Amino acid sequence: VCGLTRAAREGILFKGGAYLEELGRIRTFFFDKTGTLTLGKPEVVAVQPFRGRSEQEVLRLAAAIESRSEHPLAEAILDVARNRGIQPPAATEVQAVPGMGIRGRVNGERCLVGNPSFFNGTSGATGPDLEAVKEWEGRGATVVVVGTEKEAFGMIAILDSVRKEAAYALGELRSLGATDLTMLTGDNPETGRAVASLLPMDAVHAGLLPEQKIALVREAVEKGKKVQVLVDETRP
């Protein structure tokens, strides 16, 4: 009764005591990274053009495509473009590709904005450019590559800060008996490991599509584990 009353005061409603007791038996926790372990307010920290392109070109193309997206990374890119007074051209045939990025047509040419694997070996996102991508990923940044199907114009490095209370909250869960704390993210493995290294996580699974995250949770349930999944439900 005390637990139900205390939870209600914090705006958390349980159907009854049995559900609160069931919650206390959970030992396996899955955390979606963005907006849950991090603030969910990513900021652009670098714009790096490739092969003689300019920052203006990279941001103009990225903003054109991302203007049709509601993803937090899109907001970060659009904010920088607006602050620099960039007026992006209109984009058509815009289509999100889950786990990869977004594509569309700008001035009649098909363009891509997304993770490095969204670009094939002929796009230009290879060699020294890929080294720059890996450097930022190693710092914990999410790297968005921008370009056309023929050429990568450049990359945008975006950082989403870890919540200051995240490490404490995870430590509290562990002190209450949690034995398996796992982070799930669509980011690349380097970025995932960099973020997880700041937290007392037991495991991190990166580079995941939404259905792959679900599969990992389902696998744990099928093994008989009591599972709690924590996500930012405000994200699209």
Side-chain angles (χ1 to χ4, degrees), residues 33-34 38 41-161 185-195 197 206-209:
K33 179 181 73 69
T34 303
T38 64
K41 297 179 180 179
E43 297 181 351
V44 172
V45 293
V47 180
Q48 184 168 330
F50 298 154
R51 295 173 172 79
R53 297 287 181 173
S54 68
E55 291 188 8
Q56 290 285 103
E57 288 179 284
V58 175
L59 284 172
R60 184 179 296 109
L61 180 56
I65 299 295
E66 296 287 17
S67 64
R68 304 283 297 276
S69 172
E70 297 180 351
H71 195 282
L73 296 183
E75 287 299 318
I77 292 171
L78 292 172
D79 283 345
V80 171
R82 282 191 292 264
N83 291 338
R84 296 193 185 187
I86 294 174
Q87 296 292 329
T92 60
E93 300 179 22
V94 177
Q95 178 185 17
V97 182
M100 299 295 287
I102 187 169
R103 60 189 174 200
R105 289 191 180 275
V106 177
N107 296 326
E109 190 166 19
R110 187 175 294 280
C111 302
L112 310 175
V113 179
N115 62 47
S117 61
F118 200 16
F119 290 72
N120 60 36
T122 62
S123 67
T126 55
D129 301 334
L130 189 56
E131 291 177 8
V133 168
K134 289 184 176 181
E135 178 184 350
W136 277 104
E137 289 177 344
R139 301 184 192 182
T142 298
V143 173
V144 175
V145 179
V146 182
T148 67
E149 291 182 325
K150 299 177 181 178
E151 176 190 6
F153 284 17
M155 50 157 274
I156 301 174
I158 305 172
L159 276 173
D160 186 8
S161 300
T185 178
D187 282 333
N188 65 84
E190 289 80 4
T191 299
R193 285 193 293 268
V195 173
S197 69
L208 301 176
L209 296 173

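Note that the structure is predicted; figures quoted are calculated from it, not measured. The chain is numbered in sequence order, starting from 1.
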side-chain hydrogen bond (donor to acceptor under 3.5 Å, both in side chains) involving Asn188 - partner list, sequence neighbours excluded:
Glu137, Thr191
Go through the structure and list residues passing salt bridge (charged side-chain N to carboxylate O under 4.0 Å, His left out) with Glu109, not counting sequence neighbours.
none
Pairing residues for Thr185 by the side-chain hydrogen bond (donor to acceptor under 3.5 Å, both in side chains) criterion, not counting sequence neighbours:
none
Any chance you could measure Ile102, atom CD1, to Glu66, atom CD, to the nearest 0.5 Å?
5.5 Å
Ile156 vs Leu59, test: side-chain contact (heavy atoms from CB on, under 4.5 Å). Steps then yes/no.
CA-CA 8 Å; Ile156 301 174; Leu59 284 172; 4.0 Å; yes
Atom CG of Asp187 and atom CG of Leu208: how far apart are they, to the nearest 0.5 Å?
10.0 Å
List for me each residue that meets salt bridge (charged side-chain N to carboxylate O under 4.0 Å, His left out) alongside Glu75, sequence neighbours excluded, and say none if there are none.
none
According to the side-chain hydrogen bond (donor to acceptor under 3.5 Å, both in side chains) rule, which pairs have a member within residues 85-94, sequence neighbours left out?
Glu93-Arg105
Identified side chain to side chain contact (heavy atoms under 4.5 Å, CB included) partner of Val144 from the options Ile158, Val47, Asn115:
Ile158
Residues in salt bridge (charged side-chain N to carboxylate O under 4.0 Å, His left out) with Asp160, at least two apart?
none
So does Gly154 get a backbone contact from the side chain of Arg53, meaning a donor-acceptor N/O pair under 3.5 Å?
no
Under the side-chain contact (heavy atoms from CB on, under 4.5 Å) criterion, do Arg103 and Leu112 qualify, and how do the steps go?
CA-CA 4 Å; Arg103 60 189 174 200; Leu112 310 175; 3.5 Å; yes
